[in-house]
2 protein chains.
Amino acid sequence: MKKKEIILRAAMQLFARKGFKDTSMAELSKTTGAAEGTIFYHFKTKQDIFLEILKTAKEEILFEFNRYTENRQFETGIEMMDGAISFYLYLAGLKEDFFLLLHRRYPYELAEVNPVCRQHLESIYNCFVDIFEQAILAGQADGSIAPLPARKVALIVFTMVDGLVRFKLYNLYDAGALFNELIASCRRMLENKPVTG
Amino acid sequence: MKKKEIILRAAMQLFARKGFKDTSMAELSKTTGAAEGTIFYHFKTKQDIFLEILKTAKEEILFEFNRYTENRQFETGIEMMDGAISFYLYLAGLKEDFFLLLHRRYPYELAEVNPVCRQHLESIYNCFVDIFEQAILAGQADGSIAPLPARKVALIVFTMVDGLVRFKLYNLYDAGALFNELIASCRRMLENKPVTG
DNA sequence: AAAATTAAACTGAGTACTCAGTCTGTTTTT
DNA sequence: AAAAACAGACTGAGTACTCAGTTTAATTTT
C-alpha cells in the first residue's frame, strides 16, 4: 500500500475517533510512519485530507449501494423497506469510522463555506434517502405501502434509522435491542390498510 | 448581571456555535469583557465552564418540562403524544444553542471519562424519553395506543423527533416541511386498530 | 458619619506548551 | 541524472492557565 493511501486511511480513523481539530499532523505522522513533510507533499493542507476522505467514502458508498440493489429482489415494497433498513445498519457497522465522521459537526460546518464538501455530503445523503424512497414507491406500486408522500416519509424513516446509528455510535442505548421494534414500527407506519366496506 | 453569569451565557453560545475546542479563552474574554484571569477566578478550568453550563441547562429543561406537564390536559394518549412532539420541537427552538451543544460530540466524549457529565446527560435524555413514554402508557390505558413495548417505542419516537431537530440545526433539510408528516407518521405507528370480527 | 479593615472580584502580562505548515536536505525511482 | 518521494528539524502564531498585584464593595471600628 502506498504512503498516500496509508495516510488517508489513518486520517479517516483519527478524524472519526478523535475529531478533525483534535488530530495533529504529528500524531498522523507517527501512526502512519510518514514524516510530516511527506504528508504535506501528498496533500496541500489538512483540510484537503478530509475532503479526499469524503470523496473516497462517497464513491465507496455508491458502490456498496449498487452492489446491494443489484443482488437483491424483494416480493413487496414493504419487504424492500426491511432490506433497506438492514442495509443501512449493515453499512454503518461495515464503515463505522466513516459514520462516526458523518455524525460529527465538522463536515457540516465545512459544507457551509466549502461547496465541494457540500456536494459530497449531498450525494451521500441523497443516496441514503433514495434507498428508502425507492422502497416506498415500489410498495405503493404493488399496494403493500399506503399512498403517502414518498420523499417526506423516506426522510422520516431515515431520521429513525440514522438516530439508531447515533445511539449506537455515542453509546447512549443498546441499539441492537431496538432493531426488531424499529422494523415493526416502520411497518405499522407504512403498511397499506385496505378500507373495508 | 454578574460577570460569572455573563461568562456562562457567552460560553454556552460559543461552545454551541463554534465548538468547545474551537473556542479560545481569549475569545471568551473578548466577548464577555472579562479579563482571562477573571474567567479562571470563577471557573477552575475550561471544562468546568462546560459542566456548569450542562448542569444549568438540565435544571432549566426539567423546569420547562414540569411547566409543560402541569398546564396541559389531553383527552387521549395519542393526543398527548402530539403535544409531546410539539413540546420537544418548541424546546429545541427556545433553547437552540443548547440543542446545538447536545448534538456535538464533545459532551459524549467527556461523558465517557467524566461521571458528572454522564449523569447530567442521562438526566436530560431520560427526561425527554419519559415524556414520550408517559404519553404511550396513557394511550394504552385509554385504548388509543396499541399494546407495544412502551419504552422501546418511546426511544424510537425520540430518534425521529430528535433527527428532525438535527436536520434543522445542521441546515440539511427544511424541518418545518416535515412537521405535519412526522405527527401523522407517529399516529400511524402508534394507533390502536381494534380487530374486527 | 468618617476612617480603617477585610474580603471578594477583577486584571493582563507572562509561562510553558501545542499546532499546522515550511524548509532544507536525503533517499528512491525512473 | 532528473524527478518523485521521503525525512525531520524548525517557525511563528496560538493555546489554557497562572500569578502578583489592583480595584471595588461590604463590614467594622472609631
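For clarity, every value in this text was computed on a predicted model and none was experimentally measured. Chain identifiers are assigned alphabetically (A, B, ...) following the order of the sequence lines, protein sequences preceding nucleic acid strands; residue numbering begins at 1 within each chain.
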Inset, instruction - For DNA chain D, find the residues of residues 21-28 of chain A with a heavy-atom distance under 4.0 Å and give them by number; none if there aren't any. - result: none
Legend entry - Nucleotide C/dA20, atom P - distance to CD1 of A/I49 in whole Å: 10 Å
Inset, instruction - State whether B/F43 and B/K4 meet the cation-pi test: NZ (Lys) or CZ (Arg) under 6.0 Å from the six-membered ring centroid, and within 45° of the perpendicular axis. - result: yes
Inset, instruction - Please determine if A/E181 and A/R188 form a salt bridge, counting it only when a charged side-chain N lies under 4.0 Å from a carboxylate O. - result: yes
Inset, instruction - Check ring pair (Phe, Tyr, Trp, His ring centres under 6.0 Å) between B/F74 and all other residues, then give those that pass, not counting sequence neighbours. - result: none
Legend entry - Axis-to-axis angle between the two ends of the helix from C/dA1-D/dT30 to C/dT30-D/dA1 (five base pairs per end, rounded to 10 degrees): 0°
Inset, instruction - Would you mind reading off the distance between B/F40 atom CZ and D/dT15 atom P, rounded to a whole angstrom? - result: 12 Å
Inset, instruction - Answer yes or no: is there an ion pair linking B/E109 with A/R104, defined by an N-O contact shorter than 4.0 Å? - result: yes
Legend entry - B/K168 and B/E96 ion-paired at < 4.0 Å: no
Legend entry - Carboxylate-amine/guanidinium proximity below 4.0 Å for B/R67 and B/E64: yes
Legend entry - A/R17 and A/D22 ion-paired at < 4.0 Å: no
Inset, instruction - Using atom CD of B/E36 as one end and atom P of D/dC17 as the other, report the distance to the nearest whole Å. - result: 10 Å
Inset, instruction - Measure from CZ on B/F43 to P on C/dA9 and round the result to the nearest Å. - result: 12 Å
Inset, instruction - Choose from C/dA20, C/dT11, D/dC17 the nucleotide whose nearest atom is closest to any side-chain atom of B/A35. - result: C/dT11
Inset, instruction - Would you tell me if any nitrogen or oxygen in the side chain of A/T38 comes within less than 4.0 Å of OP1 or OP2 on D/dA5? - result: no
Legend entry - Atom-to-atom span, NZ of A/K4 to P of C/dT28 - whole angstrom: 22 Å
Inset, instruction - Between A/G37 and B/H42, just flag the one whose closest nucleotide in DNA chain C comes earlier from the 5' side. - result: B/H42
Legend entry - Side-chain touch B/F128/B/V161, heavy atoms, less than 4.5 angstrom: no
Inset, instruction - Kindly work out whether a path of hydrophobic side-chain contacts (I/L/V/M/F/W/Y, heavy atoms less than 4.5 Å apart) joins A/Y90 to A/M160. - result: yes
Legend entry - Atom-to-atom span, CD of B/Q47 to P of D/dT15 - whole angstrom: 18 Å
Inset, instruction - Would you mind reading off the distance between A/E5 atom CD and D/dA5 atom P, rounded to a whole angstrom? - result: 15 Å
Inset, instruction - Classify the nucleic acid contact of B/T45 as base, sugar-phosphate or nothing, counting any heavy atom under 4.0 Å across all strands shown. - result: sugar-phosphate
Inset, instruction - Could you check how far NZ of A/K46 sits from C1' of C/dC19, rounded to whole Å? - result: 8 Å
Inset, instruction - Look at B/Y41 and C/dC10 and indicate whether a side-chain polar atom (N or O) is within less than 4.0 Å of OP1 or OP2. - result: no
Inset, instruction - Give a yes/no answer on whether the side chain of B/K3 brings an N or O atom under 4.0 Å of OP1 or OP2 in C/dT11. - result: yes
